[in-house]
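Okay, so here's the structure we're looking at.
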Amino acid sequence: MSINKYKVTSGKNFKLENYETVPGGSPVFDKTNRAEVLIRNRDEIRALQSRLYADGKAALLVLFQGMDGGGKDSAIRNVIGVMPQGVMVHSFKQPSTEELAHDYLWRAVKVLPERGMIAIFNRSYYEDVLVVKVHELYKNLNILERCKDEKTIERRCNQIKNFENYLWENGILTVKIFMHLSLDEQRKRFLKRIEREDKNWKFSGTDMKERGHWPKYQAAFEYAIASTSTEKNPWWIVPADRKPYTHAVVSQIILEKLKEIDPHYPSVSEQQLKVLADSKDILLKQAE
């Protein structure tokens, strides 16, 4: 079944409220086959990632964005079943002093995947639009006055759209996933973090403070998604209130992008085939 219902290829008339946080209506995957879909997709992702690594002609960059408690960590853990040398995961936290001294894309550019690799960004350079917009942090930037005004967010969205097009033109395909969580489901997940000792470490007072800005964050996400969704680099709005369903959809998105890349193992020359055959003969004789 098609997952295109979750794809945003243009910001025209985009409204976050038009997308569900739970798989209602006609869900892509029903309850009986979600686990099966995830297992099957993971196997296919692993096989394609092996070919991507060997081929070395393209790279895949997967961005996860969403509110705290949206399930970004669990999606990464449950969906990405690939060989360690072919994947890297990077989390974007509050910028360091060194990072703040550079342009805001600098810290992302440093960890872009080389061709043949998959990079997973747990949050991303979009934080420099979202958090900056919600808290109006652009007013306090240590930068020229002409670079920090009410149009800072608009300029950054345009810069990001151009940056992602630049990546696409250089063989780095980007998958942008928004974990669409409801306010009530976040409440339940926060309570679980508080009540379960093994999850206490995941909760901080900052989470509650940011929850208080929920409407502003929703507006910021909506603006960023509408401003940067394109045919080449679309956003995916994935229902995040039911994790098994979320994982199945995310796995399908990543699988389809890898199929689009269509990587192949490098062809072997006649000379290499002879080396293989000769080596096999020698190894078999050594066993006699």
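Quick note: numbers below take in every heavy atom, side chains included, and nothing from hydrogens, waters or symmetry partners. Note that the numbering runs from 1 along the sequence shown for the chain.
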Determine, stepwise, if the pair Phe121 / Val62 fulfils side-chain contact (heavy atoms from CB on, under 4.5 Å). CA-CA 6 Å; Phe121 283 4; Val62 183; over 6 Å; no
Could you walk me through whether Val132 and Val129 pass the side-chain contact (heavy atoms from CB on, under 4.5 Å) check?
CA-CA 5 Å; Val132 171; Val129 168; over 6 Å; no
Set out, in order, the CA-CA distance, both residues' side-chain angles and the distance that settles salt bridge (charged side-chain N to carboxylate O under 4.0 Å, His left out) for Glu270 and Lys274, then state yes or no. CA-CA 6 Å; Glu270 290 295 328; Lys274 186 178 185 307; over 6 Å; no
Walk me through it: do Cys147 and Tyr138 pass the test side-chain contact (heavy atoms from CB on, under 4.5 Å)?
CA-CA 9 Å; Cys147 301; Tyr138 62 85; over 6 Å; no
- Which is it for Tyr104 and Gln159 under the side chain to side chain donor-acceptor pair (under 3.5 Å) test, yes or no, and what are the steps along the way? CA-CA 11 Å; Tyr104 69 95; Gln159 291 158 2; 2.8 Å; yes
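Here CD1 of Ile153 is found 8.5 Å from CG of Leu130. Values are rounded to the nearest 0.5 Å. Atom CG of Leu141 and atom CG of Asp149 lie 10.5 Å apart (nearest 0.5 Å). Here the CD-OG distance, from Glu256 to Ser2, works out to 7.0 Å after rounding to the nearest 0.5 Å. Summarising the geometry, atom CG belonging to Asp207 is positioned 4.5 Å from atom CG belonging to Asp68; distances are rounded to the nearest 0.5 Å. The distance from the CZ atom of Arg156 to the OG1 atom of Thr228 is 14.5 Å, given to the nearest 0.5 Å. The line from NE2 of His102 to OG1 of Thr97 is 12.0 Å long, rounded to the nearest 0.5 Å.
The shortest side-chain heavy-atom distance between Ile254 and Leu60 falls under the 4.5 Å cut-off. Counting heavy atoms from C-beta on, the side chains of Lys133 and Glu136 never come closer than 4.5 Å. Inter-residue side-chain proximity for Asn165 and Lys232 is flagged as met; some heavy-atom pair is nearer than 4.5 Å. In this structure, the side chains of Arg187 and Arg211 come closer than 4.5 Å at one or more pairs of heavy atoms. In this structure, Leu183 and Gln186 have side chains that are in contact, with non-hydrogen atoms separated by less than 4.5 Å. For the pair Asp241 and Ser182, the minimum side-chain heavy-atom distance is below 4.5 Å. Looking at heavy atoms from C-beta onward, Glu164 lies in side-chain contact with Leu63 at the 4.5 angstrom threshold. For the pair Ile172/Pro113, a side-chain contact is recorded, criterion being any heavy-atom separation below 4.5 Å from C-beta on.
The hydrophobic clustering, which links ILVMFWY residues whose side-chain heavy atoms are closer than 4.5 Å, places Met179 and Val22 apart. No continuous path of ILVMFWY side-chain contacts below 4.5 Å connects Tyr245 to Ile39, so the two sit in separate hydrophobic clusters. Hydrophobic clustering of Ile, Leu, Val, Met, Phe, Trp and Tyr side chains at less than 4.5 Å, counting indirect connections, unites Leu137 with Leu105. The cluster map of Ile, Leu, Val, Met, Phe, Trp and Tyr, joined by side-chain heavy atoms under 4.5 Å apart, puts Phe163 and Ile225 in the same cluster. Linking ILVMFWY residues whenever their side-chain heavy atoms come closer than 4.5 Å, directly or via other members, places Val134 and Trp214 in the same cluster.
In this structure, the side chain of Asp278 does not engage the main chain of Asp281 through any donor-acceptor pair within 3.5 Å. Put simply, the side chain of Asn200 gets close to the backbone of Arg196: a donor and an acceptor are under 3.5 Å apart. Of the possible donor and acceptor atoms, one in the side chain of Glu222 sits under 3.5 Å from a partner among the backbone N and O of Leu16. Here the side chain of Lys5 pairs a donor or acceptor atom with the backbone of Ser26 at under 3.5 angstrom. Judged by distance alone, with hydrogens and angles left aside, the side-chain atoms of Thr246 form a donor-acceptor pair with the main-chain N or O of Pro239 at under 3.5 Å. Checked by atom type and distance alone, the side chain of Ser229 never pairs as donor or acceptor with a backbone atom of Ala226 at under 3.5 Å. Looking at Arg51, its side chain does come within 3.5 Å of a backbone N or O of Pro263 through a donor-acceptor pair. Formation of a donor-acceptor pair under 3.5 Å by the Arg34 side chain with backbone atoms of Phe29 is found in this model. A donor-acceptor pair under 3.5 Å is formed between the side chain of Arg42 and the backbone N or O of Asn78. Proximity of a side-chain donor or acceptor of Asn233 to a complementary backbone N or O of Thr230 within less than 3.5 Å is not detected.
The 12-atom threshold is not exceeded at NZ of Lys216, counting heavy atoms of other residues, nucleotides or ligands nearer than 6.0 Å. Surrounding CD of Gln271 are at most 12 heavy atoms belonging to other residues, nucleotides or ligands under 6.0 Å away. Applying the 6.0 Å contact sphere to CZ of Arg155 captures more than 12 heavy atoms from other residues, nucleotides or ligands. Environment of CG in Asp184: crowded, with over 12 heavy atoms of neighbouring residues, nucleotides or ligands closer than 6.0 Å.
Taking the six-membered ring for Trp and thresholds of 30 and 60 degrees, Phe14 and Tyr19 have ring planes inclined between 30 and 60 degrees apart. Below 30°, between 30° and 60°, or above 60°: for Phe178 and Trp235 the angle between ring planes is above 60°, a perpendicular geometry.
Here the shortest heavy-atom pairing between Tyr223 and Cys157 reads CE2-SG, 3.8 Å. The nearest pair of heavy atoms linking Lys176 to Thr174 is CG-CG2, 3.7 Å. Summarising the geometry of Pro23 relative to Arg242, their closest heavy-atom pair is CD-CG, 3.9 Å, with the distance given to 0.1 Å. A pairwise comparison of heavy atoms in Val87 and Gln49 identifies N-NE2, 4.3 Å as the closest pair. Nearest heavy-atom pair, Ser74 versus His247, reported as atom, atom and distance to 0.1 Å: OG-NE2, 3.4 Å. The heavy-atom pair separating Ile3 from Trp236 by the smallest distance is O-CZ3, 3.4 Å.
In this structure, Lys110 satisfies the cation-pi test against Trp106, with its NZ or CZ atom closer than 6.0 Å to the six-membered ring centre and inside 45 degrees of the ring normal. For the pair Arg123 and Phe64, the cation does not sit on the ring face, since its NZ or CZ is not both under 6.0 Å from the ring centre and inside 45° of the axis.
If you check the side chains of Glu154 and Ser227, you find no donor sitting under 3.5 Å from an acceptor. When only modelled atom types and interatomic distance are considered, His180 and Gln218 share no side-chain donor-acceptor pair under 3.5 Å. A donor-acceptor pair shorter than 3.5 Å can be found between the side chains of Gln65 and Glu127.
Salt-bridge annotation for Arg193 and Asp198: absent, with no side-chain N of the basic residue lying under 4.0 Å from a carboxylate O of the acidic one. A salt bridge does not link Asp43 with Arg40: every distance from a Lys NZ or Arg NE/NH1/NH2 to an Asp or Glu carboxylate oxygen is 4.0 Å or more. Classification of Lys148 and Glu145 as a salt-bridged pair holds, one side-chain N sitting under 4.0 Å from a carboxylate O. Under a 4.0 Å N-O distance rule, the pair Glu260/Lys257 qualifies as a salt bridge. Salt-bridge check for Glu44 with Lys259: passed, with a basic side-chain N closer than 4.0 Å to an acidic carboxylate O.
The only member of Leu112, Ile118, Val175 that meets side chain to side chain contact (heavy atoms under 4.5 Å, CB included) when paired with Leu61 is Leu112.
Ring-centre distance between Phe92 and Tyr125: not below the 6.0 Å cut-off.
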